[in-house]
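Worksheet: the structure to be examined is printed underneath.
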Amino acid sequence: MAENTYDAIVIGSGISGGWAAKELCEKGLKTIMLERGRNIEHVKDYVNANKEAWNYPHHNRATTQMKKDYPVLKRDYPLNESNLDYWVNDKESPYVEIKRFDWFRGYHVGGRSLMWGRQSYRWSDFDFEANAKDGIAIDWPVRYKEIAPWYDYAEKFAGISGNRDGIPQLPDGQFLPPMDMTCVEKDVAARVKEIYGGKRSIIIGRTANLTVPHEGRTNCQFRNKCWLGCPFGAYFSTQSSTLPAAMKTGNLTVRPWAIVTKILYDKDKKKATGVEVLDAETNKTYTYNAKIIFLNASTLNSAWILMNSATDIWPDGLGSSSGELGHNIMDHHLGVGASGIVEGYEDKYTFGRRANGVYVPRYRNLFGDKRDYLRGFGYQGGGGRQGAMRSAEELSIGADLKDALTEPGHWTMGLGGFGETLAYHENKITLDKTVKDKWGLNVLAFDVEYKDNEKKMRKDMKDDAIEMLEKAGVKNVKGREGDGTLGRGIHEMGSARMGKDRKTSVLNKWNQVWDAPNVFVTDGSFMTSAACVNPSLTYMAFTARAADHAVSELKKNNL
């Protein structure tokens, strides 16, 4: 094989990129995985995995200097000492906000698979059919029946723990044994089920944390340090799961520090021939060639690569012929919910630090319920007992303070909403030609916001949380409502949606770019709507399906 020539190129190494590499390598394709950032080796490079807050110079809190250096990251929880180098340097990689968008990125091998929340839920036909039913955007080109076997496949390998709850709008899967609820969660769940006649449910979260040994990986140790990298391999990440599987085949080459700047297109053959890469350390340019390309740079960066791959045929970028490239940006809107105190369990406590919570599946605009907005929301949350880190400002120093902090505090129960954002054509990203990043590349400009439908939904998200908790006996319930800025969910979707018609979509039902069928896009870019559940499991399923189709078409000489 000629130098820099492979059967397949995978751009990006996060959740979907790792899956693409695994599937292509296992099917016999010599594959190179290009990652724009540094390498992080499993276990060896999880340098803070065993540290506690007191092991950090500033007790794992953001310093004034950190806030200056990371103006975007400081907007929410990611800014801390423990894994600061897992997040992108805002000054090196800026972006333009026509409207505010909180973009939290991870440029390294594994991407955000090292830092994700691990909640893993299937879509149902309520989700796949929603656009057609509501007349929003365009119809999905697939239905649940077609994707269900791929959900099975992804869950069996990744290792998803959960309970088979029999909830139509949240299909059951191939689960490892579920984690247990706390006594308070069980009590509140039982009351909610009774009060609402089974129309609302509180279930244990379905999470990509192992509860038993699986695929050579150790089960969760209940340390709740997942975002630091798990030396036990107890949660699904590229490093713990798909990368070892791909490397085992002998077919994978991993190339870090490789910024893919464009996909190269042959207008005579009407397909892509490879990619152009800028070395992030030396600024030298390289070309890699392949028969097929999987674009998995993460939703917004994948759109950037397509837009930056402009030709005389498509001046707005590869895949832009429909006019939809860069449009229909979605995220889940959150920051709304409620919490309160639960009495009567003073003799009970929790075991370990469970890296999971409870989930309330969507119930609005389903089964006869009709609201003044479209779609719905779910809740994530949990019930636990305050520990020694709770606030004790009202206590004097000395013996009284020490005595108080040796006893656990109140039991609390809280719910936080995750609402669906509709696909609006005007929610878009574009290439800004005036602002450059560290490498002299044009950056993205964001013109994205949630609208009236989401604003109406957010009122229910808060009011329903208060109502459920109060009816279930939770005391001193207080609602909360943040600003809901999109990006906070870190569930960016859209920009290269799939569809049935090349005139209204960027990709076909197999995740192929209509304009270049040997280019597959299987990260969040392909999403045609957002649903209200965490999307990563869906990316896994569609990636495995697309890889299977790609290799099949390659063998038929159709690519």
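Values in this document were obtained by computation on a predicted structure and should not be read as measured data.
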Do M540 and Y153 have side-chain heavy atoms sitting under 4.5 Å apart?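 SC-SC contact between M540 and Y153 ruled out.
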Regarding [X] and [Y], is there a side-chain donor-to-acceptor distance under 3.5 Å anywhere?
X: S16; Y: N296; value: yes
X: T522; Y: T543; value: yes
X: R206; Y: S161; value: no

Go through the structure and list residues passing salt bridge (charged side-chain N to carboxylate O under 4.0 Å, His left out) with R100, not counting sequence neighbours.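 Partners of R100 under the salt bridge (charged side-chain N to carboxylate O under 4.0 Å, His left out) test: D102, D483.
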Look at R191 together with D187 and state whether they make a salt bridge at an N to O cut-off of under 4.0 Å.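 Salt bridge: yes.
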For [X], all residues meeting side-chain contact (heavy atoms from CB on, under 4.5 Å), sequence neighbours excluded:
X: H58; value: T63, E81
X: N163; value: D165, P178, I204
X: F367; value: F126, P168, Q169

Side chain to side chain donor-acceptor pair (under 3.5 Å) evaluation trace for H425 with E324: CA-CA 8 Å; H425 176 79; E324 296 297 332; 3.0 Å; yes
Distance-only donor-acceptor hits, side chain of residues 133-145, under 3.5 Å, sequence neighbours excluded:
residue : atom : partner : partner atom : Å
D134    : OD2  : R375    : NE           : 2.7
D134    : OD2  : R375    : NH2          : 3.4
D139    : OD1  : R143    : NH1          : 3.2
D139    : OD1  : R143    : NH2          : 3.1
D139    : OD2  : R143    : NH2          : 3.1
D139    : OD2  : K500    : NZ           : 2.8
W140    : NE1  : S529    : OG           : 2.8
R143    : NH1  : F128    : O            : 3.3
R143    : NH1  : W140    : O            : 3.2
Y144    : OH   : R122    : NH1          : 2.8

Using the six-membered ring wherever Trp is involved, compare the ring planes of F101 and F446 and label them parallel, tilted or perpendicular (cut-offs 30° and 60°).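 Correct class here is parallel.
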Derivation and outcome, ring pair (Phe, Tyr, Trp, His ring centres under 6.0 Å), residues Y70 and W87: CA-CA 10 Å; Y70 294 84; W87 299 98; 10.0 Å; no
Looking at residues at least two apart in the chain, or sitting in another chain, which of them share a side-chain hydrogen bond (donor to acceptor under 3.5 Å, both in side chains) with K451?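 K451 satisfies side-chain hydrogen bond (donor to acceptor under 3.5 Å, both in side chains) with E449 only.
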